[in-house]
There are 2 protein chains.
Amino acid sequence: MVKTEFSPIADTTRRAEIVALLRRAILTGQLQPGQKLNELRISEQMRVSRAPLREAMRELVQEGVLTSIPYAGTFVINVTAKDIDDAYSLNKVLDEFAIERMWKLRDQRFFDELDRRHEAVKQATRDRDTTRQIETALQLHGLIHEWADNSVLLETWQRLTSRLQMYFALHQQARREAVPAEDVHETYVARLKGGDMRAAQRHAREHIDLDFEELLAYARDLERRPSKGA
Amino acid sequence: MVKTEFSPIADTTRRAEIVALLRRAILTGQLQPGQKLNELRISEQMRVSRAPLREAMRELVQEGVLTSIPYAGTFVINVTAKDIDDAYSLNKVLDEFAIERMWKLRDQRFFDELDRRHEAVKQATRDRDTTRQIETALQLHGLIHEWADNSVLLETWQRLTSRLQMYFALHQQARREAVPAEDVHETYVARLKGGDMRAAQRHAREHIDLDFEELLAYARDLERRPSKGA
DNA sequence: GACAATCAGATTGTCGACAATCTAACAAGG
DNA sequence: CCTTGTTAGATTGTCGACAATCTGATTGTC
């Protein structure tokens with residue numbers, strides 16, 4: 001018998017596709033924070049009925065990127081500086097936990113995957129594809145959580161990631177300037193390959209702080225002079 | 001002008017009520033793990049159409065207490081020993097983080113609320129109401145997360161709590177014997193009132209370990225001799 | 001008897017229409 | 001001018017029916 005690995009087949013419900021479409025639109029900033037999602041309009045654009053669309057929206061509400069007020073509507077969440085601060089401070093704790101858990105589980109497959117994802121970030125950077133750059137950077141960062149062999153941790157991190165990706169996208173949209181060309185992940189990858197777990201944890205924490213300050217400053221700036229709204 | 005505080009009015013959609021009903025049924029063990037939820041039957045029992053029921057189910061899937069397979073059905077999640085282990089180890093980290101964050105925010109209102117919830121647990125214990133005992137104990141435990149002033153943390157903890165409550169309910173159902181009569185939370189409350197943050201963190205970690213071992217043993221036992229299924 | 005093809009029943013996914021609710025504009029009254 | 005009541009339009013929430021898919025039993029064939 002040939003021992004072949006099969007990946008699970010694709011979800012073939014409209015609902016799943018709608019979720020993917022909406023999530024992408026939100027996380028890339030195509031849909032602005034606070035913006036209302038008109039069910040009829042969206043369902044007509046997507047050529048689906050409101051039923052699967054509404055189910056998809058419930059999922060995204062629970063996922064934390066949408067918020068819903070009965071009989072008023074469903075809106076893209078608003079990003080406050082405090083939200084970012086909260087998400088990041090928790091993320092630090094999760095990173096430390098993840099590194100501790102996956103440290104002994106590192107093997108050649110891990111290192112290979114680490115390099116692969118690192119390469120993806122570098123490629124996106126070369127392409128000046130900011131959206132993809134954010135995506136790949138988060139995927140690189142997510143590897144430690146995937147490798148920690150803790151489903152609840154992974155789930156939690158993925159929820160956090162959604163928001164972080166959204167925040168980053170907004171940030172990138174705001175300052176149209178080019179993304180950092182130099183490779184900020186080089187040390188991170190090296191630490192994860194090294195032999196000092198504490199050092200890796202420390203670096204993860206500090207590395208995060210870096211981007212964070214910039215992002216936070218942007219969020220605070222937004223709050224000082226709020227736009228007229230969508 | 002009289003300055004009165006109003007709490008937000010209740011959600012008055014069928015969907016919200018269905019979510020509450022289903023969640024309670026799952027967390028109290030009324031619906032067994034792995035059990036399939038027949039949409040038509042449930043909607044008839046609740047006297048609602050399938051639309052709001054399905055939306056409610058999507059929310060609970062995202063909440064992590066249900067799992068859905070396209071065209072096959074929606075099921076109560078199965079509890080494995082590993083799930084419990086994962087949830088608990090993460091919970092420890094979150095507890096430590098929460099205590100660190102709320103430590104400086106403790107005030108009289110916090111202590112009052114702490115006592116109030118502690119009293120609720122004792123009352124449930126006196127009443128031999130195991131379901132309520134689990135509920136109140138988790139609410140007592142949740143206070144540190146509510147007080148930590150981090151919405152993302154609170155959200156994460158509430159997700160975890162759902163599962164923990166479910167696990168505990170199963171556990172209690174299995175061994176029908178009386179719940180612990182002595183007050184296991186006395187020290188926990190005292191530590192949170194005290195002046196030594198590290199001690200409080202340490203106690204939270206150890207306190208949790210206690211119940212955890214028992215729960216884990218039960219889960220392992222379940223896996224050794226699986227039931228015939230629902 | 002083993003195995004594949006077929007089919008009926010049950011269940012989930014999706015649709016279009018109706019009911020309940022909100023919003024904003026407008027009129028009436030003080 | 002401000003407030004309150006009314007109303008029309010738009011939008012969300014819910015319903016009942018139909019389409020797509022799965023499951024298990026049955027039948028026919030080797």
Side-chain angles (χ1 to χ4, degrees), chain A residues 1 6 8-23 25-26 31-32 34-63 65-78 228-230, chain B residues 1-2 6-23 25-26 31-32 34-63 65-78 228-230:
Chain A
M1 172 101 61
F6 288 106
I9 70 172
D11 288 349
T12 53
T13 59
R14 297 204 193 305
R15 183 180 70 238
E17 291 192 41
I18 297 171
V19 167
L21 271 175
L22 281 181
R23 185 191 289 123
I26 296 166
L31 287 168
Q32 293 288 316
Q35 185 173 345
K36 179 175 176 180
L37 278 68
N38 185 310
E39 297 178 2
L40 193 58
R41 196 155 48 80
I42 294 178
S43 69
E44 280 170 354
Q45 286 175 358
M46 291 190 180
R47 308 287 177 81
V48 295
S49 77
R50 285 174 53 224
L53 172 63
R54 282 175 59 87
E55 290 185 15
M57 284 163 87
R58 285 323 130 214
E59 290 190 20
L60 292 171
V61 166
Q62 238 29 39
E63 217 176 286
V65 296
L66 290 181
T67 181
S68 163
I69 303 173
Y71 290 107
T74 305
F75 310 82
V76 179
I77 58 164
N78 268 308
K228 285 170 294 189
Chain B
M1 174 100 59
V2 183
F6 288 105
S7 55
I9 69 174
D11 287 349
T12 53
T13 59
R14 296 206 194 311
R15 182 181 72 238
E17 291 192 41
I18 296 171
V19 167
L21 272 175
L22 280 182
R23 185 192 288 123
I26 296 165
L31 287 168
Q32 294 286 317
Q35 186 173 343
K36 179 174 177 181
L37 277 69
N38 185 312
E39 296 178 1
L40 193 58
R41 196 154 48 79
I42 295 178
S43 69
E44 280 170 355
Q45 287 174 357
M46 290 189 180
R47 307 287 178 82
V48 295
S49 76
R50 285 174 55 221
L53 172 62
R54 282 174 59 87
E55 290 184 16
M57 284 162 89
R58 286 321 130 215
E59 289 191 19
L60 292 171
V61 166
Q62 236 33 35
E63 218 175 284
V65 296
L66 290 181
T67 181
S68 162
I69 304 173
Y71 290 106
T74 305
F75 309 82
V76 179
I77 58 165
N78 267 309
K228 286 169 294 188

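Chain identifiers are assigned alphabetically (A, B, ...) following the order of the sequence lines, protein sequences preceding nucleic acid strands; residue numbering begins at 1 within each chain.
- In terms of phosphate contacts, B:Arg54 brings no side-chain nitrogen or oxygen within less than 4.0 Å of OP1 or OP2 of C:dT12.
- Regarding B:Met46, its CE atom lies at a distance of 18 Å from the P atom of D:dG13, rounded to whole Å.
- Taking the side chain as every heavy atom from C-beta outward, A:Glu59 and B:Val61 never approach each other to under 4.5 Å.
- Set against C:dT14, D:dC22, D:dC15, the side chain of A:Pro52 has C:dT14 as its closest nucleotide.
- Interatomic distance, A:Leu53 CG to A:Gln45 CD, rounded to the nearest 0.5 Å: 10.5 Å.
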Verdict with reasoning, B:Ile77 to B:Leu66, per side-chain contact (heavy atoms from CB on, under 4.5 Å):
CA-CA 5 Å; B:Ile77 58 165; B:Leu66 290 181; 5.6 Å; no
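- Comparing C:dC15, D:dT12, C:dT12 against the side chain of B:Asn38 picks out C:dT12 as the nearest.
- When the nucleotides C:dC15, D:dC15, C:dC22 are ranked by their closest atom to the side chain of A:Val48, C:dC15 comes out on top.
- Taking a pair to require two hydrogen-bonding distances under 3.5 Å in either a Watson-Crick or a G-U wobble arrangement, C:dT6 pairs with D:dA25.
- Atom CD of B:Glu55 and atom C1' of C:dT14 are 13 Å apart (whole Å).
- The backbone N or O of A:Ala72 lies less than 3.5 Å from a partner atom in the side chain of A:Lys36, making a donor-acceptor pair.
- Spacing between atom CZ of A:Arg41 and atom P of D:dG9 amounts to 21 Å, rounded to whole angstrom units.
- At the phosphate of D:dA20, neither OP1 nor OP2 sits under 4.0 Å from any side-chain N or O atom of A:Arg15.
- The structure places CE of A:Met57 at 9.5 Å from CZ of A:Phe75, a figure rounded to the nearest 0.5 Å.
- Taking only side-chain atoms of B:Glu39, from C-beta outward, the nucleotide of C:dT21, D:dC15, C:dT12 with the closest atom is C:dT12.
- Here the side chain of A:Lys36 is nearest to one of D:dC22, C:dC22, D:dT11, namely D:dT11.
- Whole-Å rounding puts the A:Glu17 CD to C:dG13 C1' distance at 13 Å.
- Atom CG of B:Leu40 is separated from atom P of C:dG13 by 13 Å (rounded to the nearest Å).
- Looking at which nucleotide of DNA chain C each of B:Arg50 and A:Ala72 is closest to, the 5′-most match is held by B:Arg50.
- Summarising the geometry, the separation between CE on B:Met57 and P on C:dT14 is reported as 14 Å, rounded to the nearest angstrom.
- Regarding contacts with the backbone of D:dA20, every side-chain N or O of A:Arg14 stays at 4.0 angstrom or more from both OP1 and OP2.
- Using a 4.0 Å heavy-atom cutoff across all strands shown, A:Leu37 reaches sugar-phosphate atoms only and no base atom.
- If you measure from atom CD1 of A:Ile69 to atom C1' of C:dT21, you get 14 Å, rounded to the nearest angstrom.
- Side-chain nitrogen and oxygen atoms of A:Ser49 include none within less than 4.0 Å of the OP1 or OP2 phosphate oxygen of C:dT14.
- A:Tyr71 has its OH atom 6 Å from the C1' atom of C:dT21, to the nearest Å.
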